[in-house]
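Encoded as structure tokens, the structure appears first; notes follow it.
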Amino acid sequence: MSLLSNSPSDAAPAAPDTRLILLQAWLSSLNLVQVDSTRPASADASFRRYFRVDVLAAQRDALGASLIVMDAPPERENSAAFVKLDGMLAAAGVSVPAIVAQNLEQGFLLLSDLGTVTYLQVLDHDNASTLYAEALEALSRFQLTSQPGVLPEYDRAFFQRELNLFPEWYIGKHLGATLSEAQSAELNKVFEAIQANILAQQQVYVHRDYHSRNLMRMDAGNPGVLDFQDAVHGPVTYDLGSLLRDAYVQWDEELVLDWVIRYWQRAKELGLPVNKDIDAFYRDFEFMALQRHLKNLGLFCRLAYRDGKSNFLGDLPVLLDYVRKTANRYRELKPLVRLLDQLDDVQPQVGYTF
């Protein structure tokens, strides 16, 4: 008989969650919530965690029935940036969580609860135009407050670091492929074409993750906006591309074109710095969205292989579909499709482009 046992009683005890212990000790000191009600609220692609807690009966008229606690390890995350952006967005008239209490030294924030219903959960063909119109109006309000020198600049080096995720993590790690010198040169030419377009665009405040998982469906002041701490000053089409070329929900090109035109018309009325020609603006939108998709192909693979978040691999097919369709529409981007064909050993299909 083996001396080893697989019974549960012999399993090593789970390591204590020291961050959670610290967080609950902090919550206890506030005397605002029922600490023993702490439960997970949502997952995140970063090192942040979110918990929902019930408010003490005496505080519910002022704070509502529940609050959200953010756990952002200070050595990994910048909670001060979240606080700064929260104030900027609120001042612009955008619905964001109110900060009830904060402990930046430990990386804890207690926030108002914007609910449990994301755009991703409720979007359908009947409500999409209304929900996107509200999201784009909120985005415009934030963009109208833009000033240089307030947020980090989304410059060439920033874009290059993001694009480099694609060959490193998608091609190298996920596909296990090594590019030849000729393939690398072709890919760099595509990157240069994308960056030339993006760097020529006018600059505004950029949320950087303005999509269906970070927008909350609300009865008033829709949408509630989350996950804004990485905002920068960058291309005017960035958040438009994030929202309408979403990795998590995909729409017919005709609908997307209509929503882009509506945003463009409204942006011109408001005096936002958009390209005056709609064809040129749509091209800007497509190049910007393509850059984000290439970045995310690498980022999602890094989340899976480095950070153990394998669920992100399920989003790769949508991203690849976006990349292929966009790259096929522009002569300077078509080498990217050829490269993907070579990597997948797929013969290119003959068909119409637009």
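Residues take their numbers from the sequence shown, with the count starting at 1.
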task = Please work out whether the ring planes of F166 and Y170 are parallel, tilted or perpendicular, with thresholds of 30° and 60°.
result = parallel

message = Between L131 and V122, is the side chain to side chain contact (heavy atoms under 4.5 Å, CB included) condition met? List the steps.
response = CA-CA 9 Å; L131 293 180; V122 297; 4.0 Å; yes

message = What's the separation between atom CG in D86 and atom CG in L111, rounded to the nearest 0.5 Å?
response = 7.0 Å

request  = Indicate yes or no: does R283 engage E332 in a salt bridge with an N to O separation below 4.0 Å.
outcome  = yes

task = On the 0 to 90° scale, with breaks at 30° and 60°, tag the Y132-W251 ring pair as parallel, tilted or perpendicular.
result = perpendicular

ask   = Does some side-chain heavy atom of L32 sit less than 4.5 Å from a side-chain heavy atom of V55?
value = no

key: Crowding at CD, E75 (>12 non-hydrogen neighbours, <6.0 Å)   = yes

ask   = Linking I/L/V/M/F/W/Y whenever their side-chain heavy atoms sit closer than 4.5 Å, directly or via other members, would Y248 and L123 fall into one cluster?
value = yes

query = Looking at L104 and S79, what are the two nearest heavy atoms and their distance?
reply = CD2-CB, 3.6 Å

inquiry  = side chain to side chain contact (heavy atoms under 4.5 Å, CB included) for R245 and E286? Distances and angles first, verdict last.
reply    = CA-CA 9 Å; R245 292 276 173 82; E286 292 225 278; 2.9 Å; yes

query = Does R292 pair with D209 as a salt bridge, N-O distance under 4.0 Å?
reply = yes

message = Ignoring hydrogens, what is the shortest heavy-atom contact between S95 and G221? Give both atom names and the distance.
response = OG-O, 2.6 Å

request  = Decide if atom CZ of R331 counts as having more than 12 heavy atoms of other residues, nucleotides or ligands within a radius under 6.0 Å.
outcome  = no

ask   = Do F108 and P73 touch side chain to side chain, with heavy atoms closer than 4.5 Å?
value = no

message = What's the separation between atom CD in Q195 and atom CD in Q291, rounded to the nearest 0.5 Å?
response = 7.5 Å

inquiry  = Would you compute the distance between atom CZ of R213 and atom OG1 of T118 and round it to the nearest 0.5 angstrom?
reply    = 8.5 Å

task = Report the relative orientation of the aromatic rings in H174 and Y305; use parallel for angles under 30°, tilted for 30 to 60°, perpendicular for over 60°.
result = tilted

ask   = Could you go step by step and tell me if F281 and K276 meet the side chain to side chain contact (heavy atoms under 4.5 Å, CB included) rule?
value = CA-CA 7 Å; F281 181 75; K276 297 296 187 282; over 6 Å; no

From CG (D307) to CZ (F312), nearest 0.5 Å = 9.5 Å

task = For residues L144 and L270, report the shortest heavy-atom separation together with the two atoms involved.
result = CD2-O, 3.6 Å

task = Could you go through the side chain to side chain contact (heavy atoms under 4.5 Å, CB included) check for E137 and R266 one step at a time?
result = CA-CA 8 Å; E137 188 65 23; R266 178 64 174 153; 3.0 Å; yes

ask   = Is R161 close enough and on-axis enough to F158, meaning under 6.0 Å and within 45°, for cation-pi?
value = yes

request  = Treating Ile, Leu, Val, Met, Phe, Trp and Tyr as nodes and any side-chain heavy-atom pair under 4.5 angstrom as an edge, say whether Y238 and L199 lie in one connected cluster.
outcome  = yes

query = Charged N to carboxylate O below 4.0 Å: is that the case for D227 and R48?
reply = yes

key: Worked verdict on R208 versus D239 for salt bridge (Lys or Arg N to Asp or Glu O under 4.0 Å)   = CA-CA 6 Å; R208 282 192 72 202; D239 286 333; over 6 Å; no

query = Please, which pairs that meet side chain to side chain donor-acceptor pair (under 3.5 Å) have at least one residue in residues 312-321, sequence neighbours excluded?
reply = Q250-D321, D321-K325

Test: K334 and E186 ion pair at under 4.0 Å = no

request  = Return yes when atom CZ of R60 has more than 12 non-hydrogen atoms of other residues, nucleotides or ligands closer than 6.0 Å, and no otherwise.
outcome  = yes

ask   = Got a salt bridge between R52 and D113, using NZ or NE/NH1/NH2 to carboxylate O under 4.0 Å?
value = yes

query = Taking atom CG of D219 as the centre, does the number of heavy atoms from other residues, nucleotides or ligands within less than 6.0 Å exceed 12?
reply = no

request  = Nearest 0.5 Å please: distance from the CG atom of L179 over to the CG atom of L339.
outcome  = 6.0 Å

request  = Take D246 and S212 through the side chain to side chain donor-acceptor pair (under 3.5 Å) test and state the conclusion after the steps.
outcome  = CA-CA 7 Å; D246 193 335; S212 60; 2.6 Å; yes

request  = Begin with the C-alpha distance, continue with both residues' side-chain angles, and end with the deciding distance and a verdict on side chain to side chain donor-acceptor pair (under 3.5 Å) for N197 and Q201.
outcome  = CA-CA 7 Å; N197 173 281; Q201 294 187 31; 2.9 Å; yes

query = Heavy-atom count around R76 CZ within 6.0 Å, excluding the residue itself: above 12?
reply = no

request  = Could you tell me how the ring of F228 sits relative to the ring of H207: parallel (under 30°), tilted (30 to 60°) or perpendicular (over 60°)?
outcome  = perpendicular

Ring pair (Phe, Tyr, Trp, His ring centres under 6.0 Å) partners for F191, two or more places apart = none

query = Would R19 count as a cation-pi partner of F47, with NZ or CZ less than 6.0 Å from the six-membered ring centre and within 45° of the ring normal?
reply = no

query = Do you know which two heavy atoms are closest between L139 and Y210, and how far apart they sit?
reply = N-OH, 3.6 Å

query = Within a radius of less than 6.0 Å around CD of E269, do more than 12 heavy atoms belonging to other residues, nucleotides or ligands occur?
reply = yes

key: Single-linkage hydrophobic cluster L56~L67, side-chain heavy atoms < 4.5 angstrom   = no

query = Hey, do the aromatic rings of Y154 and H233 have their centres closer than 6.0 Å?
reply = no

task = Any chance you could measure S146, atom OG, to L151, atom CG, to the nearest 0.5 Å?
result = 8.0 Å

